[in-house]
Structures are given as structure tokens and as C-alpha cells.
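Worksheet: the structure to be examined is printed underneath.
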Amino acid sequence: MQLSRRLLFGSSVWEVTRPRTPLTSGHLMIRLSDPATALDHRSAADWLRCHNAARRALADVLGADTCTLLFAHRWHALGASIGEPAAESSTPTFHLFGRWDGEPVTPAEQLSLPAQRRKPASDQDLDKYDAGLRTALLKAAASAARPEASPDSGAPLPAIRTWPPSTPAGSHHTVLSPERPLGSVEDVAPAELLALAAALEGLALRQAVAGLSCIVPDTAVTDGRLELHTLGRSAGEAVNPFEMLLHSPEISPALL
């Protein structure tokens with residue numbers, strides 16, 4: 001069943017919605033309101049505001065104590081889309097999965113199925129939570145710290161560390177993290193978000209890949225380290241690396 005996208009919160013650049021096919025009651029999407037908007041300090045700060053408000057709303061309304069972020073860069077999920085939410089449009093989108101005790105279905109149970117066999121959350125379940133999420137999002141966004149002033153355009157971006165994981169999901173699995181120790185995505189500064197985006201672009205332009213599938217596990221399952229896992233993708237790949245990732249000891253606890 002395909003659902004209309006439900007708007008839960010709109011900010012100056014980004015918006016928080018339900019995807020057309022929400023896989024769990026804790027599945028939200030952060031979506032660029034205008035696809036022509038460039039990623040700069042202002043839009044990075046607004047993305048962080050929306051993300052942080054969404055996390056707090058999921059915690060307040062559903063009791064979600066951990067959240068996992070999935071998105072694609074220069075890549076659209078194809079065919080069965082194992083491990084990935086179905087692509088909705090070319091507009092940049094980020095899927096946020098809140099996790100809580102007693103959830104009736106987990107993200108991994110849904111994502112391990114081919115896209116056409118996934119059962120979306122019912123309208124009844126969404127109706128039970130969405131009014132509360134709208135209220136909580138407004139409250140969390142209103143209490144967010146005011147964005148810091150944009151730095152000099154010539155200032156260098158913060159350093160980003162890259163390394164191969166101990167259990168790689170394919171030959172193009174790379175982990176990224178800001179050099180500054182961070183406890184969660186909520187601690188990321190706009191300049192660090194821009195630096196991560198620049199590092200992603202460099203990985204996506206490698207000759208062997210067409211784009212990237214990306215996941216940021218909650219730091220509760222990565223020993224307090226903020227890690228952005230990137231998987232190089234191509235239409236002719238022999239194996240979907242996300243299928244390997246779903247069974248990786250470094251990632252699977254975030255989604256199972």
C-alpha cells in the first residue's frame with residue numbers, strides 16, 4: 001500500500017515527514033523542501049535542527065532511546081532494495097528509524113525483505129502517534145539553540161577520519177567520522193556536516209562505484225563513537241553489500 005507523505009514539521013530548508021511507505025511507527029524522513037537548495041552552512045544547520053528535533057520527538061512520544069539514520073548519495077535503490085528504504089524521489093532524503101522496547105516490528109525485519117513484500121505501518125498506528133509527534137517536533141525545534149554564525153567562506157572544513165571497518169560489507173565499505181570526538185549526531189556542528197558531505201562526494205566519485213548507501217548507527221551500539229558507514233554501489237554489482245551489512249556485528253544491533 002502506498003501512502004501519501006504526511007508532513008509533520010516544516011523548517012526553513014528541510015521538513016520532517018512520514019515516508020510514503022513508513023516501515024515502522026518510528027520511521028520518519030528528513031527531506032529537502034526545495035531540491036534546488038544547495039548544501040551550505042545555513043542548510044546544514046537547519047538539517048541538524050530538524051534531525052535533533054525528530055530524535056527528541058521520537059523519544060518523547062514513542063520512548064525511542066536509540067535512532068538509526070539511513071540515506072543514499074548519488075544512488076537510488078534498485079529492484080528488491082534489500083537493506084534500503086524504497087527511493088521516493090530524486091530529492092535528498094534521510095530516513096530516521098527510532099527504536100524502543102516492545103516495538104512490534106524492527107527495521108531489519110522490514111529491510112531484509114524485498115521492497116514489494118514489506119508491510120507498511122498501518123494508518124491506525126500512525127494516527128495514534130502523529131499528532132503527538134507534530135507537537136513534540138514544534139516544541140523541540142523551538143527550544144533548539146540558535147544557529148551559529150556562518151564562518152568565513154575561505155575557512156578550511158574540519159578534518160574527517162576515514163578507515164576500513166573490521167568486518168567490511170564488500171570491498172567499498174568505508175567508515176567516516178569527524179576528527180573531534182562526538183557522542184552522537186546531535187553533537188555535530190554545521191561545518192562538520194559539510195566536511196562529511198565533502199568526504200562522501202569524494203568517495204562517490206571513485207571510478208569503481210556509481211554512488212553510496214550510507215548508515216549512521218546509534219552511538220549506543222558503537223561504543224559511543226559517531227560512525228558514518230558508506231557502501232559503494234553500482235548497478236552491476238554481484239552482491240548487494242547491504243545484505244552483508246545486515247549481518248555485520250558492527251551494524252546489525254542498530255537495526256535488528
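Atom set for the values below is all heavy atoms of this structure, side chains included, hydrogens, waters and symmetry mates excluded.
Residue Gly83 comes nearest to Leu246 through the heavy atom pair CA-CD1, 4.1 Å, listed as atom of the first residue, atom of the second, then distance. Pro241 and Ala169 get closest at one heavy-atom pair: CB-O, 3.3 Å. Pro168 and His173 get closest at one heavy-atom pair: CA-ND1, 3.5 Å. Summarising the geometry of Val188 relative to Leu48, their closest heavy-atom pair is O-CD1, 3.4 Å, with the distance given to 0.1 Å. Of all non-hydrogen atoms in Ser25 and Trp100, the two that sit nearest each other are CB-CH2, 4.0 Å. Residue Ala142 comes nearest to Arg49 through the heavy atom pair N-NH2, 4.5 Å, listed as atom of the first residue, atom of the second, then distance.
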Exercise. Begin with the C-alpha distance, continue with both residues' side-chain angles, and end with the deciding distance and a verdict on side-chain contact (heavy atoms from CB on, under 4.5 Å) for Asp127 and Arg6.
Key: CA-CA 11 Å; Asp127 290 341; Arg6 298 186 181 199; 3.0 Å; yes
Exercise. Report the C-alpha separation of Val185 and Thr219 in whole Å, then their side-chain angles, then the decisive distance to 0.1 Å, and conclude whether the side-chain contact (heavy atoms from CB on, under 4.5 Å) test is met.
Key: CA-CA 9 Å; Val185 178; Thr219 53; over 6 Å; no
Quiz item: Step by step, would you call Asp187 with Glu192 a side-chain contact (heavy atoms from CB on, under 4.5 Å)?
Solution: CA-CA 10 Å; Asp187 299 327; Glu192 290 167 324; over 6 Å; no
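Cys50 is listed as a side-chain neighbour of Ser11, based on a closest heavy-atom distance under 4.5 Å. In this structure the side chain of Leu228 reaches within 4.5 angstrom of the side chain of Leu200, judged on heavy atoms. In this structure the side chain of Arg56 never reaches within 4.5 angstrom of the side chain of Lys139, judged on heavy atoms. Pro178 has its side chain within reach of Ile160: a pair of non-hydrogen atoms, C-beta onward, lies under 4.5 Å apart. Residues Leu7 and Thr17 form a side-chain contact, since some pair of their non-hydrogen atoms from C-beta on lies under 4.5 Å apart. Side-chain contact between Pro120 and His27 is absent, with no heavy atoms from C-beta onward closer than 4.5 Å. Using a 4.5 Å cut-off on side-chain heavy atoms (C-beta onward), Leu113 and Lys119 make no contact. Taking 4.5 Å as the limit, some side-chain heavy atom of Thr230 sits within range of a side-chain heavy atom of Cys214.
Val175 and Met244 fall into different hydrophobic clusters, where Ile, Leu, Val, Met, Phe, Trp and Tyr are joined by side-chain heavy atoms under 4.5 Å apart, directly or via other members. Criterion: ILVMFWY side-chain heavy atoms under 4.5 Å apart, direct or through other members. Under it, Val13 and Leu138 are part of a common hydrophobic cluster. Cluster annotation: Leu203 is not connected to Leu231 through the hydrophobic network of ILVMFWY side chains, with a link wherever side-chain heavy atoms come within less than 4.5 Å. With hydrophobic clusters built from ILVMFWY side chains whose heavy atoms lie under 4.5 angstrom apart, Phe71 does not share a cluster with Ile215. Under the 4.5 Å side-chain heavy-atom criterion for Ile, Leu, Val, Met, Phe, Trp and Tyr, Leu62 and Phe97 are members of distinct hydrophobic clusters.
We find that Arg18 and Asp123 are not joined by a salt bridge, their nearest charged nitrogen and carboxylate oxygen being 4.0 Å or further apart.
When each of His76, Met29, Arg31 is paired with Glu88, the side chain to side chain contact (heavy atoms under 4.5 Å, CB included) condition holds for Met29 and for no other. Tested against Leu70 for a side chain to side chain contact (heavy atoms under 4.5 Å, CB included), the candidates Leu96, Leu111, Thr93 yield a single pass: Leu111.
In this structure, the side chain of Asp218 does not engage the main chain of Thr68 through any donor-acceptor pair within 3.5 Å. A donor-acceptor pair under 3.5 Å is absent between the side-chain atoms of Arg233 and the main chain of Asn240, judged by distance alone. In this structure, the side chain of Gln110 engages the main chain of Leu23 through a donor-acceptor pair within 3.5 Å. The backbone N or O of Ser81 sits nowhere less than 3.5 Å from a side-chain atom of Glu84 that would complete a donor-acceptor pair. Using modelled atom types, one side-chain atom of Ser122 and one backbone atom of Asp125 make a donor-acceptor pair closer than 3.5 Å. Asp60 places no side-chain N or O within donor-acceptor distance of the main-chain N or O of Ala57, the cut-off being under 3.5 Å.
Atoms CG and CD, from Leu226 and Glu186 in turn, are 11.0 Å apart once rounded to the nearest 0.5 Å. Rounding to the nearest 0.5 Å places CG of Leu245 at 13.0 Å from CD1 of Ile82. Note that CZ of Arg225 is 13.0 Å distant from CG of Leu182, once rounded to the nearest 0.5 Å. From Ser112, atom OG reaches atom NE2 of His247 across 7.5 Å, with rounding to the nearest 0.5 Å. The CG atom of Leu212 sits 8.5 Å away from atom OG1 of Thr174, with the distance rounded to the nearest 0.5 Å. Atoms SG and NE2, from Cys67 and His95 in turn, are 14.5 Å apart once rounded to the nearest 0.5 Å.
In this structure, a donor-acceptor pair under 3.5 Å is absent between the side chains of Thr21 and Arg118. A donor and an acceptor atom, one from each side chain of Arg99 and Thr66, are nowhere located under 3.5 Å apart. Checked by atom type, the side-chain pair Glu103/Thr24 shows no donor-acceptor distance below 3.5 Å. Side-chain atoms of Glu201 and His73 form a donor-acceptor pair, as typed in the model, at a separation below 3.5 Å.
Evaluation of the salt bridge (charged side-chain N to carboxylate O under 4.0 Å, His left out) rule for Asp101 yields no partner, not counting sequence neighbours. Scanning for side chain to side chain contact (heavy atoms under 4.5 Å, CB included) contacts around Leu39 gives Ser43, Ala44, Leu194, Ala197, with sequence neighbours left out. Contacts of Glu109 classified as salt bridge (charged side-chain N to carboxylate O under 4.0 Å, His left out), with partners at least two apart in sequence or in another chain: none.
For CD of Gln116, the number of neighbouring non-hydrogen atoms (other residues, nucleotides, ligands) closer than 6.0 Å is greater than 12.
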